[in-house]
Amino acid sequence: MTDFPYRYDVTHTTAEIVEAHSTLEAGAETEVVVTIAGRLMLRRDQGKLAFGSLQDSTGRIQLFAMAKSTPAFEDFTGLSIGDWIAVTGVVMMTRRGELSVRVDSWDVLASAQRPFPDKWHGISDPDTRYRQRYVDMWVTEEARDAFAKRSQIVASMRSILGGQRFIEVETPMLHPIPGGALARPFITHHNALGEDLYLRIAPELYLKRLVVGGMEKVFEIGRVFRNEGMSTRHNPEFTMLELYWAYADHADMMELTENLVAGVAKQVLGTTTVEYDGRNVDLSSPWRRATMEELIAEHAGVEISLATPMDELRVLCERFDVEVKDHYGPGKLILEIYEKTCEAELWDPVFVTDYPVEVSPLSREHRERPGYTERFEAIVAGRELCNGFSELTDPVIQRERFEAQEAEGAAGDDEAMVVDEDYLRALDYGLPGTAGLGIGVDRLIMLLTGTTTIRDVVLFPTLKPEPVRGGSDTVDGEPSEDDE
RNA sequence: GCCCCCGUAGCCAAGUUGGUUACGGCAGCGGACUUUUAAUCCGAAGAUCGUGGGUUCGAGUCCCACCGGGGGCACCA
């Protein structure tokens, strides 16, 4: 069972054949000879005839085999569901009008030694679907569609940004200091350096170093890692788009954001209206802008600001069932009240603006409202989609913010930032007014594909390792290829 | 980390207030069939009921612990 071909000359995909011949008359036979390859997903044997369904990455087509003309007919009817085969033959239409490829010759490319799931019901157990995605992708059409869309969405983002002359870069994933976000990092160790390193929680500080270095429009699409709980919208590793734009501010960035999201929707879906969780979402620009405090007034019915006495804010926190820690200042309390009372209520896209300085250590202070920043988040369908701001460019103020963060860390906040001296040195060389943006790519894909769990848009979501069983599945030490 | 729910053959799936030998289907195996569409028909087979304890004359079913998963909370810019 080992002598399978190393390569095979495939001439057509199933989709190409369907496209070219779908109008054939029932019973008609062409003279077009094709070679197709894929997995045998169904078989209907009928004595001296056999029908099968061959699936490739583009779709399915029926195979038509006859005892008198198909070589090794007995073996053909003995194929297992899931076997990879290649078939060569003429394109024809059966009497019942099913477009088919007649099996004039065929080869096995790989045999499926484990049985495939039920041909009709597929896999219902989510655990099996996520662990054995290689099977799920064959039997679950929605899974195939979601990952095809994912690819198109990311390609569309790249093309739109490229069209605006943004340059794509790759910055380190191994960070000596975790920075650019408030999150607990994964820690790893480099043996030769004898140093602990952190898997990045955000590329932010490196990308801004690149603006200092002269890249005026720069972005990165890549994985970030956060050592936090998992849920339907959180995977420990996820994909982030971060983008920096010199000489621009938060207002420019909001425009770019709404146009980017609406543009991707238009390109990939052909519409800016998507259905999510049973409701329509209108992504067309412009999106509403509202300050955090306006939204709190709307949804919680209370007028508050940084000028509101701490006592009053604490009372409100109690009323809205917000957990308060000792080191929380007024800005943090307002943010907590907003998240508790507003976020889940916001459906059509809203840019929430004017975040307090206290909770925005990398954002530049608002030019008209001291104590607030020029920061925004877009909330869509009750979830945070992105975060952006006019970047803090002043090294002295940035140092103060870092130090305030370190104080919070000392007070018990294990997600607080630490001082990044090299980043401050970069700022010393001068960062012009710059706007920054971060979009959770997985969440954008969920939104555009109507998916309510992130595990359905991540190919291999993080799961607990399977318990090791009795050693029968252990892989023998395969010699590793030499690194060149 | 907390709360609720789920785990029956490779896959889907029934199993009553605890009561002989755990209902079926798909796939697989044997047989019939020259235009099927989840093909159909006939036959035989396949299950330490997630794991380990406990209660009981008797446990898939009740209790406890553990393992894995789902949902929610917490966490999460």
Side-chain angles (χ1 to χ4, degrees), chain A residues 26-27 41-53 60 62-70 73 77-82 92-100 102 112-132 135-136 139 180-184 201-202 204 224 226-236 238 240 292 321 323 332 335-336 338-339 343 352 355-356 358-363 373 375-379 383-389 413-415 417 436-440 443 452-453 455 461 463-469:
Chain A
M41 297 305 286
L42 289 173
R43 204 186 55 245
R44 301 174 285 282
D45 295 343
Q46 192 166 332
K48 299 280 195 290
L49 284 181
F51 302 88
S53 299
R60 280 188 185 194
Q62 175 164 273
L63 306 176
F64 177 80
M66 288 190 294
K68 67 178 180 192
S69 66
T70 295
F73 183 78
T77 59
L79 286 169
S80 294
I81 303 296
M92 52 166 284
M93 192 68 92
T94 61
R95 283 180 210 163
R96 294 289 181 90
E98 179 79 17
L99 186 66
S100 306
R102 195 177 67 201
Q113 312 217 19
R114 294 175 189 256
F116 256 59
D118 189 289
K119 63 190 175 190
W120 187 247
H121 297 99
I123 308 175
S124 67
D125 179 13
D127 186 44
T128 310
R129 290 193 51 218
Y130 303 144
R131 282 192 203 284
Q132 301 186 42
V135 179
D136 182 44
V139 302
L182 301 171
R184 252 187 299 173
I201 56 175
E204 171 148 357
V224 299
R226 297 187 183 178
N227 206 338
E228 287 156 0
M230 292 150 64
S231 76
T232 50
R233 8 180 207 267
H234 300 266
N235 198 58
F238 62 99
M240 181 100 107
M292 182 178 287
D321 206 22
E323 195 185 336
K332 177 74 171 166
L335 175 66
E336 292 286 322
Y338 153 76
E339 286 183 350
E343 204 163 276
V352 183
Y355 280 63
E358 183 190 336
V359 295
S360 313
L362 302 168
S363 309
T373 59
R375 172 178 164 197
F376 64 89
E377 284 191 7
I379 307 297
R383 290 136 200 243
E384 179 203 330
L385 180 68
C386 69
N387 180 31
F389 36 85
D413 185 346
D414 51 11
E415 285 157 2
M417 293 178 186
L437 171 71
I439 295 184
R443 289 194 185 170
T452 52
T453 167
R455 297 183 193 94
L463 298 171
K464 280 208 184 187
E466 270 183 290
V468 182
R469 315 188 195 147

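All heavy atoms count here, side chains included; hydrogens, waters and symmetry mates do not. Throughout, a chain's letter reflects where its sequence line sits, starting with A, and its residues are numbered from 1.
Residue Gln62(A) is in base contact, counting any heavy-atom pair closer than 4.0 Å across all strands shown. Across all strands shown, Asp45(A) has heavy atoms under 4.0 Å from base atoms, whether or not it also approaches the sugar-phosphate. Using a 4.0 Å heavy-atom distance criterion, Val359(A) is classed as a base contact. Using a 4.0 Å heavy-atom criterion, one finds that Arg455(A) contacts the sugar-phosphate atoms exclusively. Contact annotation for Arg233(A): backbone-only contact, meaning every heavy-atom pair under 4.0 Å involves sugar-phosphate atoms and none involves a base. Heavy atoms of Tyr355(A) sit nowhere under 4.0 angstrom from any nucleic acid atom. Within 4.0 Å (heavy atoms only), Arg43(A) reaches sugar-phosphate atoms of the nucleic acid but no base atom. When heavy atoms are screened at a 4.0 angstrom cut-off, Pro461(A) is found touching no nucleic acid atom at all. Using a 4.0 Å heavy-atom criterion, one finds that Ser124(A) contacts the sugar-phosphate atoms exclusively. In this structure, Thr232(A) reaches the sugar-phosphate backbone alone: every heavy-atom distance under 4.0 Å involves primed, P, OP1 or OP2 atoms, never a base. Residue Glu98(A) is in base contact, counting any heavy-atom pair closer than 4.0 Å across all strands shown. Within 4.0 Å of Leu463(A), counting heavy atoms only, lie sugar-phosphate atoms of the nucleic acid but no base atom. Using a 4.0 Å heavy-atom distance criterion, Gly438(A) is classed as making no nucleic acid contact.
Note: NE2 (His234(A)) to P (rG72(B)) measures 10 Å, nearest angstrom. Rounded to whole Å, atom P of rC76(B) lies 9 Å from atom CD of Glu339(A). Atom pair Leu63(A):CG and rU37(B):P shows a separation of 16 Å (rounding to whole Å applied). Residue Phe51(A) contributes atom CZ, which lies 16 Å from atom P of rC33(B) at whole-angstrom precision. Residue Leu49(A) contributes atom CG, which lies 15 Å from atom P of rA32(B) at whole-angstrom precision. The nearest whole Å value for the distance from the CZ atom in Arg131(A) to the C1' atom in rC67(B) is 11 Å. Separating the CZ atom of Phe116(A) from the P atom of rC12(B) is a distance of 14 Å, rounded to the nearest angstrom. Arg114(A) places its CZ atom 15 Å from the C1' atom of rA27(B), with the value rounded to the nearest Å.
Across the P atoms, rA39(B) and rU20(B) are found 36 Å apart, a figure rounded to whole Å. Of the C1' atoms belonging to rA47(B) and rG15(B), the separation is 14 Å, rounded to the nearest Å. For the C1' atoms, the distance linking rG46(B) with rU21(B) amounts to 16 Å, nearest Å. Only the P atoms considered, rU61(B) is 14 Å distant from rU17(B), to the nearest whole Å. rA22(B) and rU40(B) are spaced 29 Å apart, taking the C1' atom of each and rounding to whole Å. Remark: the separation of the C1' atoms in rA27(B) and rC73(B) is 41 Å, to the nearest Å. Taking the P atom of each, rG10(B) and rC29(B) are spaced 16 Å apart, rounded to whole Å. Using C1' as the reference atom, rA13(B) and rC23(B) are 10 Å apart when rounded to the nearest Å.
Take the nearest nucleotide of RNA chain B for Thr128(A) and for Arg226(A): the residue whose nucleotide is more 5' is Thr128(A). If you find the closest nucleotide of RNA chain B to Ser80(A) and to Arg184(A), the one lying nearer the 5' end belongs to Ser80(A).
A donor-acceptor pair under 3.5 Å is formed between the side chain of Arg443(A) and the backbone N or O of Arg233(A). At distances below 3.5 Å, not a single donor-acceptor pair connects side-chain atoms of Arg184(A) with backbone N or O atoms of Glu228(A).
Put simply, CD on Glu204(A) and CG on Leu362(A) are 4.5 Å apart, with the number rounded to the nearest 0.5 Å. Between atom OG of residue Ser363(A) and atom CZ of residue Phe376(A) there is a gap of 10.0 Å, rounded to the nearest 0.5 Å. A distance of 7.0 Å separates CZ of Arg375(A) from CE of Met292(A), quoted to the nearest 0.5 Å. Separation of atoms NZ (Lys119(A)) and CZ (Arg43(A)) is listed at 9.5 Å; rounding is to 0.5 Å. Taken from CD in Gln46(A) to OG1 in Thr77(A), the straight-line distance is 13.0 Å, to the nearest 0.5 Å. Rounding to the nearest 0.5 Å gives a distance of 8.5 Å between CZ of Phe73(A) and NZ of Lys48(A).
Between Phe51(A) and Phe64(A), the distance from one ring center to the other falls under 6.0 angstrom.
In this entry rA32(B) has rU40(B) as its Watson-Crick or G-U wobble partner, both defining distances falling under 3.5 Å. Under the Watson-Crick or G-U wobble criterion, with both distances below 3.5 Å, rG18(B) is left unpaired in every strand shown. With a cut-off of 3.5 Å on both Watson-Crick or G-U wobble distances, the partner of rC23(B) is given as none. Pair check for rC73(B) finds rG1(B); Watson-Crick or G-U wobble, both atom distances under 3.5 Å.
Which of rG68(B), rA74(B), rU35(B) sits closest to the side chain of Asp127(A) comes down to rG68(B). If you check rC75(B), rU35(B), rA39(B) against the side chain of Arg95(A), the one that comes closest is rU35(B).
Side chain Asp118(A) to base rG25(B): a donor-acceptor pair is found below 3.5 Å. Counting atom types as modelled, His121(A) pairs no side-chain N or O with a base atom of rC11(B) as donor and acceptor under 3.5 Å.
The side chain of Arg44(A) places no N or O atom within less than 4.0 Å of a non-bridging phosphate oxygen (OP1 or OP2) of rU35(B). In terms of phosphate contacts, Lys119(A) brings a side-chain nitrogen or oxygen within less than 4.0 Å of OP1 or OP2 of rA39(B). Within the 4.0 Å cut-off from OP1 or OP2 of rU34(B), not a single side-chain nitrogen or oxygen of Gln46(A) is found.
Residues Arg455(A) and Asn235(A) have side chains that never bring a donor and an acceptor to within less than 3.5 angstrom of each other.
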Shorter than 3.5 Å, N or O on both sides, protein versus nucleotides 44-49 of chain B: list them out with atom names.
none

Item to check | Full working for side chain to side chain contact (heavy atoms under 4.5 Å, CB included) between Phe116(A) and Met41(A) | outcome: CA-CA 9 Å; Phe116(A) 256 59; Met41(A) 297 305 286; 4.1 Å; yes

